[in-house]
Number of protein chains: 2
Amino acid sequence: MFEFFYKHLQPIAALTNEEKIILESAFIIRQVPKKVKLLQEGKTARELYFIVKGLIRLFYTKEGEEITGYIFKEGLFASSYESFLRQTPGIQTLETLEECDLLTISYSRLQQLYEEIPKMHIIARKVAEQRFISAQIMLSSFILDSPEERYKKFEQEQGDLLLRVPHHIIASFLGITPVSLSRIRKRLKK
Amino acid sequence: MFEFFYKHLQPIAALTNEEKIILESAFIIRQVPKKVKLLQEGKTARELYFIVKGLIRLFYTKEGEEITGYIFKEGLFASSYESFLRQTPGIQTLETLEECDLLTISYSRLQQLYEEIPKMHIIARKVAEQRFISAQIMLSSFILDSPEERYKKFEQEQGDLLLRVPHHIIASFLGITPVSLSRIRKRLKK
DNA sequence: CAAAAATATTTACAATTGTTAATAATAAGG
DNA sequence: CCTTATTATTAACAATTGTAAATATTTTTG
């Protein structure tokens, strides 16, 4: 369980054995079934999740519709960052798309960790930085690309998700309707 | 010049007089005319700019077209964050839209500042956090809203820019063509 | 102030997307 | 294994957007 965690932290910051022991006491292993809401819109995110196995999606609710904002996969820290970082209620919901193996940590325990393991600051900053850059790339794709181009890029970079995630969820992630996604796929097949 | 700077840092972190003196020696005051490129696509961003007066736009180049990704105004730190944070070449260009009064700092001088003023870490983190949240809000607007709704929100939140910035620049910022923006404005007038 | 450049709007048409509803295909649950 | 629920595709039509080109309008600059 933790080996996978360390493998992903390795390139960011090397960890000593002492630090690993602290981490293993701080993060709680949790198995979560499919379709479980980890965070409800309107609530404050109290936890951060490192995904060892499974998928979590973040979505907004608009006029009764669920509109996907992000799909977290293995090796990522999933959370509603706005809500978690500011400890205020947000408009995002988190839900598992598959059965998940998670490493969970609370906001308050994370603050302790910052003091116990100073290196944690670096890790947190780099993770946030990475997340920011990822948001920036997505944003630029919305500004620069047509829905069809956006789908093509998605296919190249996250094609595996096409097999794991219902297409109507991917459609809303790309900012289009399922109908339009289906048409784009048909168009590209030829 | 620096009063405006301090006024904006105040809510983030209070500064002592000693710290202010260091800041005043670290940041270089610079007047830049309109239409000056502060960063070229393909180059690495070596500087960060705090805007005291004026506007700077960030844009991408696609098939000869300049497509606006962000418009920085007074009180913001302008930069290509990806390129600046990672010190690697990026695809973003920065250009002044008006004559600007800037407080400029280099990447290396900023690293020194982190050591001279530990509080600087907090400021940097909060600024980055703010920028991330802003990107997240923009991103969600692309996923959730139609171009028309996006324009309405822009009008409410950044309406002042409609008078300061050419509309074709705002159009590309909203992910639409100038023609479409003109039609939306016409539609909403009634 | 006049000519040139930049910006904004309009028109006409094609392409794409949204919407709604029906149908087909697939997956899940008792 | 069959029924039900979920997901995916298709069709038909309306609305919106993109594209290209012409025309206004405004701003810049010599």
Side-chain angles (χ1 to χ4, degrees), chain A residues 33-37 54-55 57 59-60 62-68 71 95-99 141-155 159-190, chain B residues 33-37 54-55 57 59-60 62-68 71 95-99 141-155 159-190:
Chain A
K34 202 173 172 173
K35 293 202 181 185
V36 169
K37 289 201 172 61
L55 294 174
R57 79 168 166 139
F59 66 85
Y60 303 89
K62 190 185 183 182
E63 293 156 23
E65 294 242 346
E66 297 179 352
I67 300 178
T68 301
I71 300 168
E95 188 184 76
T96 55
L97 281 173
E98 299 178 346
E99 188 182 65
S141 179
F142 271 96
I143 296 174
L144 292 168
D145 304 328
S146 66
E148 182 172 320
E149 291 173 301
R150 215 147 56 239
Y151 173 75
K152 280 191 215 158
K153 284 189 181 173
F154 179 84
E155 200 179 18
D160 55 315
L161 291 183
L162 286 170
L163 301 172
R164 295 171 72 181
V165 179
H167 288 181
H168 65 272
I169 286 177
I170 289 170
S172 76
F173 179 54
L174 296 173
I176 56 177
T177 60
V179 178
S180 191
L181 175 59
S182 182
R183 282 189 289 226
I184 288 171
R185 283 167 58 81
K186 192 179 183 181
R187 219 154 51 210
L188 295 179
K189 245 187 272 179
K190 297 168 192 172
Chain B
K34 203 172 173 174
K35 294 203 180 182
V36 168
K37 290 202 170 59
L55 294 174
R57 79 169 167 140
F59 66 86
Y60 304 89
K62 190 183 184 186
E63 294 156 23
E65 293 242 348
E66 296 180 352
I67 300 178
T68 302
I71 299 166
E95 187 184 77
T96 55
L97 282 172
E98 299 177 347
E99 188 183 65
S141 180
F142 271 97
I143 297 173
L144 292 167
D145 304 327
S146 67
E148 182 171 321
E149 290 173 301
R150 217 148 54 239
Y151 173 75
K152 280 190 214 158
K153 285 190 180 172
F154 179 84
E155 199 179 18
D160 55 315
L161 291 183
L162 287 170
L163 301 172
R164 293 172 72 182
V165 180
H167 288 181
H168 65 270
I169 286 177
I170 289 170
S172 76
F173 179 53
L174 295 173
I176 57 177
T177 60
V179 179
S180 192
L181 175 57
S182 181
R183 282 189 289 227
I184 288 171
R185 284 167 58 81
K186 192 177 183 182
R187 219 152 54 209
L188 294 179
K189 245 186 274 180
K190 297 167 190 172

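Proteins come first, then strands; the chains are lettered A, B, ... in the order of their sequence lines, and each starts at number 1.
Taking atom CD1 of residue I184(A) and atom C1' of nucleotide dT10(D), one finds them 15 Å apart after rounding to whole Å. Atom-to-atom, CG of L163(B) to P of dT7(C) comes out at 16 Å; the value is rounded to the nearest Å. Between the P atom of dA15(D) and the CD atom of E149(B) lies a distance of 17 Å, rounded to the nearest Å. One interatomic measurement links the two molecules: CG of L97(B) to P of dT28(D), which rounds to 13 Å at whole-angstrom precision. Residue K186(B) contributes atom NZ, which lies 8 Å from atom C1' of dT9(C) at whole-angstrom precision. Between the CG atom of L181(B) and the C1' atom of dA8(C) there is a distance of 10 Å, given to the nearest Å. Atom CD1 in I176(B) sits about 12 Å away from atom P in dT19(D), given to the nearest Å. Put simply, NE2 on H168(B) is 16 Å from P on dT19(D), counting in whole angstrom units.
Remark: side-chain polar atoms of S146(B) are paired, donor with acceptor, to backbone N or O of E149(B) under 3.5 angstrom. Between the side chain of T68(B) and the backbone N or O of S172(B), no donor-acceptor pair lies under 3.5 Å.
Using a cut-off of 4.0 Å between Lys/Arg side-chain N and Asp/Glu carboxylate O, K152(B) and D145(B) are scored as not salt-bridged.
Considering only side-chain atoms of R183(B), the nucleotide from dT9(C), dT17(C), dT17(D) that sits closest is dT17(D). When distances run from any side-chain atom of K34(A) to the nucleotides dA28(C), dT17(D), dT16(C), the shortest one goes to dA28(C). For P166(B), the listed nucleotide lying nearest its side chain is dT7(C); candidates were dT7(C), dA12(C), dG18(C). For R187(A), the side-chain atoms get nearest to dT16(C) when compared with the rest of dT10(D), dT16(C), dT10(C).
Side-chain N/O atoms of S182(B) include none lying less than 4.0 angstrom from OP1 or OP2 on dA8(C). Checking the phosphate oxygens (OP1, OP2) of dT17(C), no side-chain nitrogen or oxygen of T177(A) falls inside 4.0 Å.
Aromatic ring orientation, F142(B) versus F142(A): tilted (interplanar angle from 30° to 60°).
When only modelled atom types and interatomic distance are considered, S141(B) and R150(B) share no side-chain donor-acceptor pair under 3.5 Å.
Map V165(B) and P147(A) each onto its nearest nucleotide of DNA chain C; the residue landing nearer the 5' end is V165(B).
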